[in-house]
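In what follows, a single structure is set out as structure tokens and then discussed.
None of the values given here were measured: they were computed from a predicted structure. Order of listing sets the numbers, starting from 1, for every ligand and every atom in it.
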Amino acid sequence: MKDLKSRITVFPVKSGSVFSSAFDASLLPPTGSFTVFPGFCDVHVHLREPGFSYKETIRSGTLAAARGGYTAVCAMPNLSPVPDSPAHLEEELRLIRRDAVVRVFPYGAITAGEKGEALSDMAALAPLVAAFSDDGKGVQSESRMRQAMLEAKRLGKLIAAHCEDESLLRGGYIHDGAYARAHGHRGICSESEWGPIQRDLRLVKEVGCAYHVCHVSTKESVALLRQAKREGLDVSCETAPHYLLLDERSLREEGRFKMNPPLRSPEDREALLEGVLDGTIDMIATDHAPHSAEEKARGLKDSPFGIVGLETAFPLLYTHLVRPGILSMDKLIELLALRPRERFGIPLGEEYTAWELDRPFTVDPGDFLSQGRATPFEGETLFGVCRLTALEGRIVYKNDT
Ligand SMILES: [Zn+2]
């Protein structure tokens, strides 16, 4: 083991020394050269339990997270039951305590049952949840959202909004652009996303609560958030790897290209990348949204929205943005590991992940630890293989080959 040091690069973390002091090189596989990063943190995953174990379980979802380098994830509340009260949330927490291999921070719902009507029991949920969200649905009523923001502010919690105006959807399921027109599909217009963002930013200005926008996908959304930050509002946002690396020109007639929001135009993709580079976009989340193989086999029109992302996010971003010099590794780690923790108040403990960066592999959904298999990146060759993820001295993922 005399050459162990020469085989390891520990990525420096500027904020605090917790990570570097906790790194235990003896856990690493005996062969290979590794770059060690602080454990990634994904603020937007769907673990599907309780309620939808046929799509994913807390166990399979967190194993997939560990393989992707994540040691902390925030779980969205579109579950059954919806975590809108401490009793309902306890059903989720019980499964997390029993089955999770990485740290899971549940979201509490903004409204009871995510129905957009009465508020959830936000005060009782606040100490137990990462933030509040009705993800999967937008809060349609402006007065309800104002009420939720006032309560979130009083409780010192973040509102994480899925922004979608249902009155503008008109049965759409992919971006309302060139591909939809050429292939006779119903489109989802960009305004269905940026309209609610614009509304909410007005409310944030009035109320003064901390506000985060989920999965930003349009150029107008980026411009609105850039302006809001200039005005000093307490806002943040995320986008996902597929919105940065794909656009409607990549679409095929398969369910694995369908997610909400949809893949937008090349101009939208460019604007998102600019937003990442200038700091308008704070973090990259996966919106890991697994479904069964049967559900996703129904094609672009009829399959449910959602693709998996935990096991491919880092290799995709590293291969397509860092290796060509578009994004620095510092910036990528800020987007994947540091900024999400800072914004959502998730401390970085003794948690890290070790990667072989120069090693290529081909994305093979058959080999995912997630139960979900739908990814538009199937068959792509990428760089970066995770060899170890560890949390508080425990190995949560290891690849010895
Ligand atoms: Zn969403």
Side-chain angles (χ1 to χ4, degrees), residues 42-48 51-52 55-56 61 73-80 82-84 105-111 113-116 120 129-140 144-145 148 158-169 172-175 188-197 199-200 211-218 221-222 224-225 235-244 246 255 257-264 268 272 281-291 295-296 303-310 313 340 343-344 372 374 376:
D42 189 344
V43 301
H44 195 137
V45 304
H46 297 272
L47 297 180
R48 306 299 194 199
F52 306 93
K55 296 175 191 277
E56 187 80 294
V73 297
C74 300
M76 283 300 179
N78 50 344
L79 302 168
S80 181
V82 170
D84 52 10
F105 300 87
Y107 277 94
I110 295 173
T111 64
E114 286 203 1
K115 292 190 189 311
S120 71
V129 298
F132 290 100
S133 182
D134 267 4
D135 190 57
K137 281 183 190 161
V139 177
Q140 303 300 306
R144 190 72 63 251
M145 188 54 126
L158 194 59
I159 293 274
H162 167 115
C163 290
E164 183 173 31
D165 182 341
E166 290 167 10
S167 74
L168 297 175
L169 293 182
Y173 45 88
I174 60 170
H175 178 58
I188 301 174
C189 64
S190 295
E191 190 181 352
S192 67
E193 174 177 302
W194 65 255
I197 294 178
R199 177 200 77 181
D200 284 359
Y211 176 75
H212 175 84
V213 185
C214 299
H215 44 52
V216 167
S217 73
T218 77
S221 308
V222 177
L224 284 166
L225 286 156
V235 298
S236 59
C237 67
E238 73 197 32
T239 192
H242 42 279
Y243 303 119
L244 294 170
L246 302 175
F257 289 89
K258 183 174 179 180
M259 73 293 288
N260 188 20
L263 298 176
R264 302 279 188 186
D268 290 302
L272 291 167
I281 294 174
D282 298 79
M283 60 194 83
I284 298 176
T286 64
D287 194 2
H288 178 85
H291 294 285
E295 287 171 313
K296 289 302 280 184
S303 70
F305 292 109
I307 58 168
V308 294
L310 286 166
R343 182 61 169 163
F344 283 74

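The Zn ion (ligand 1) sits nearest to atom OD1 when only the N, O or S atoms of D135 are considered. Distances from the Zn ion (ligand 1) to the N/O/S atoms of H162 are shortest for ND1.
Taking the charged nitrogens against the carboxylate oxygens, E295 and K55 do have a contact shorter than 4.0 Å, which makes a salt bridge.
Residue contact annotation: H215 places an N/O/S atom under 2.8 Å from the Zn ion (ligand 1).
In this structure, a donor-acceptor pair under 3.5 Å is absent between the side chains of D268 and T218.
The aromatic ring centres of F344 and H212 sit less than 6.0 Å apart.
Taking the six-membered ring where tryptophan is involved, the planes of H44 and H215 are tilted, since the angle between them lies from 30° to 60°.
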